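Note that the structure is a prediction, hence the values are computed from the model and not measured. Proteins come first, then strands; the chains are lettered A, B, ... in the order of their sequence lines, and each starts at number 1.
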Amino acid sequence: MVELKIRAPVSGEDIPDPSAIPALAPGVMAHSKPYVASPEHQEAIGFPGELVDDWEERAVDKLGELVKNSRGLRVYLDTCVKCGACTDKCHYFLGTGDPNNMPVARQDLLRKVYRRYFTFAGKYFPWLVGAEDMTKEVLDEWYTYFHQCSQCRRCSVYCPYGIDTAEVSMAAREIMDSVGKGQKYCNEIIGKVRKYGNNLGLQEKAHRATLEDLEEDIEDETGVAVRLPLDEKGADILLVTPSADFFAEPHIDGLIGYAKVFHHVGASWTISSYASEAANFGMFIGSQDNMRELAMRIRNAAEDLGVKRIIFGECGHAWRAAYNFMNTLAGPFDFLDQRYPIPQHICEYTYDLIQKGALNFDKSLNDDIRLTFHDSCNVSRASRMGDKPGGQYEIPRAILREVCNHFYDMADDTIREATFCCGGGGGLLTDDLLELRIKGAQPRMRAMQQVAQDHGVTHMAAICAICKTQFAKVMPEYGFEMDNIVSVHQMVSNAIILDGQKIDREEGEEQE
Amino acid sequence: MLTIAYAVLFYGAALVLAGGIAYRMWEYSTTPAPLKIPTTPAPVTRGGVIVRMAREVVLFESLFKANKWIWLFGWIFHAALLLVLLRHLRYFTQPVWGWVVLVQSPGIYAGFALVAGLAGLWARRVLVPRIRYISAPSDHLMLALIIAIGVSGLAMRYVFRTDIVAVKAFFLGLMYFDWQPLPADPVLLIHLALVAALMIIFPVSKLLHAPGLFFSPSRNQADDARERRHVAPPLRTAARARQ
Amino acid sequence: MTYQLNGTAIEHDEEGYITELASWSEDLAGLIAKEEKIDMTVEHWEVVNFLRDYYEEYQIAPAVRVLIKQIKKSMGKEKGNNKYLYTLFPYGPAKQACKIAGLPKPTGCV
């Protein structure tokens, strides 16, 4: 593993500005590339097993096809004026200094090929506009740097034309997949969802055992028999949550929180073992076929179970795919109860209940926590909660303020629409990219260090499975503990008082 | 001979400019936008989208959030360009419209602002390592071209005065197909040749950002995916195939 | 990519997870642990054996919480927490312990 120069500031030391611009360090991340998908993983999701013979030609053809079928991609490739507004906005650039991690430079890796084959200037005056042939070097460069983009859309907020590097990254990955050079992490996972219904490869028997185990835990802790139903036909609500919620810490504590909320209001709900994954990794690789395949699983589960509503658990990119894409890819959802948002976010659900006074909290149970909130990138810049624009910022905060006495926001230019990605989004949450993940987390971690210094903040809450796993992994590199990252509904779970719950203060403080 | 050459040049340039932009807009509008991808928070209604777009076009809102220097130079340049273009309407109208008369004197100061804004942008392109890194030769040439147009224009106003009555007659002649002689002043000829060059490269260059902005899905889509099912043409066929 | 154990080559993937689960043995576990710079103690074996038993029944590694509960039962309350598991397996109980136990790597947002 590469030695990192990052270290936590000692107490009293000035914390560098999270947005501080590093000096350009060309090529410093050129070595970073994820494992290539095996033929087995490639073929399972409809791509050639390995690099095809005429890959140059096929890559160019694929690019042409994508440009013809995506107005966004075409406009983004044509309109950039190289003004430089985005150059200091990417967390991977801020964390590494590699100029290819400046959004415009990343786009240019693809744009130079687009220009060469599809524009007048690039065909006849390539040197003038920086157009280049599709070569092995270019392909390798794509593989390296399009796997250093977490598709967080921060650059698109600041671009005067809204150019979204995420779209360019997705296109590049789709081209690479289509010529047989896919990324192992994403493609293996998509295959698992198509086979088992979730990213983990969790099968029904294990799924049921895990949920039963959690039911036992909750009853031991609270004295209340809270259920986590699986595959119950006729339930009102289908909960679709990231499978990490059935496996990892602190995700699972969030799942317990959802269950307690449902229980407290007597909701009829179920989890599906067939559609046991909220995340849609098809988005990361820009593959609409795979996105549709995964979205259809959720539709089919909802129809089979006969539910009236679909609620999504805490998962950032999943919420984007559900909120913005599911209706297009797998709709119309006319068989669901139209009085509720389709789909609904678990935070919207809990927030509504709080508004109605339907939940009971003892905030002091979270008094050992001084909290801040990390806006997950795809929730912040690619979706919404509630009726009003920006509800995705206000609703989770309103929930946290309701369940916790000590809440402090991080610096304004690092939250809400300006939020920094955790550093692990967009298909990069894999161990083979750990160096990149640690460096990419730097802006967010500095912002957290600032509130830790200024307000004694100890914990950060998030509503995304990727964010939670990423922070649990990288926080120790920045002077925090791995369990300083918590789920929003974990905070809810800590503070909620269920009817008939035994109150044991000491237990409350010991919650992991 | 000179008159004929410039007349042909300007007919050609106007044709390329209008035809090229029309073609691009047709191309953009017929390319499907398969999914909803507005950058949020985004307006939830079409009316809201129009307001958002207006703020982008008039105020460069996103650029303002991004970088105050680029915003300042960029906005000055574009606002000045608008005034300068409006000022030039007097060469194409007879009688000159009242409000065009009103912008004559601001239009002159705008000429200086235009050059100053561009100089600021160029300085950043050269001096800021990040922006230097992303600049291709064409990015420098484009700035050089527009600055040269601005400087040659100002030169005619203050140093090498030309017969603007004859210039106006030339352009009105072009419009009404009643060709009039063009004065053979070198600065004027340079100015006009550069303008024609700019018109010709517009549709095949990054100047496409002007029409492109209006087609950018991250800015022109309403945030209403849950309320209204978004279906682009190719997906419609896919959806039919599924059923 | 192989582990060399007593003259036989045992295949593993880029990250060191064995590809043929049946080729696992306690000796191999010891070898993988050595490469991971872990000295296998009774506690390590406890975790590894539990993972293998669980996998045999469910074809997947247990949730971290389930593992913690098991450790609490067998090693006592003070060791039944995620942090203790990380002292045993610094790279994470799920991933590193699975590798040593000869199980596939847990995938997804975990």
> Minimum heavy-atom separation for A:Q203 to C:Q59, with atom names?
Replying inline: NE2-CB, 3.8 Å
> Between atom OG1 of C:T107 and atom CD1 of A:I190, what is the distance when rounded to the nearest 0.5 Å?
Replying inline: 11.5 Å
>> Is the shortest side-chain heavy-atom distance between C:D13 and A:K184 below 4.5 Å?
In response: yes
>> Is C:P104 in contact with chain A via its backbone, its side chain, both, or neither, using a 4.5 Å heavy-atom distance?
In response: neither
>> Given 3.5 Å as the limit, does a donor-acceptor pair link the side chain of A:T469 with the main chain of C:C109, or not?
In response: yes
> For A:V36 and C:E14, what are the C-alpha separation, side-chain angles and deciding distance, and is it a side-chain contact (heavy atoms from CB on, under 4.5 Å)?
Replying inline: CA-CA 10 Å; A:V36 177; C:E14 305 96 325; over 6 Å; no
>> If we ignore hydrogens and angles and just use 3.5 Å, is the side chain of A:K205 paired with the main-chain N or O of C:E57 as donor and acceptor?
In response: yes
>> Using side-chain heavy atoms (C-beta onward) and a distance below 4.5 Å, is A:Y196 in contact with C:I60?
In response: no
> Do C:E15 and A:Y35 come close enough that some side-chain heavy atom pair is under 4.5 Å?
Replying inline: yes
> What closest approach, in Å, do C:V110 and A:L200 show between heavy atoms, and which atom pair accounts for it?
Replying inline: CG1-CD2, 4.2 Å
>> Does C:Y91 form a side-chain contact (heavy atoms from CB on, under 4.5 Å) with A:L434? I'd like the steps, not just the answer.
In response: CA-CA 12 Å; C:Y91 209 80; A:L434 192 59; 3.2 Å; yes
> Okay, side chain of A:Y185, backbone of C:G108: is any donor-acceptor separation there less than 3.5 Å?
Replying inline: yes
>> Quick check for you: to the nearest 0.5 Å, what is the distance between C:N82 atom CG and A:M482 atom CE?
In response: 4.0 Å
> Between A:D213, A:D253, A:T210, which is the residue that forms a side chain to side chain contact (heavy atoms under 4.5 Å, CB included) with C:R65?
Replying inline: A:D253
>> How long is the straight-line distance from CZ of A:R208 back to OH of C:Y58, given to the nearest 0.5 Å?
In response: 11.5 Å
> So which of A:K473, A:H251, A:E481 has the biggest tally of heavy-atom pairs under 4.5 Å with chain C?
Replying inline: A:K473
> Should we count CD of C:E56 as having more than 12 external heavy atoms under 6.0 Å?
Replying inline: no
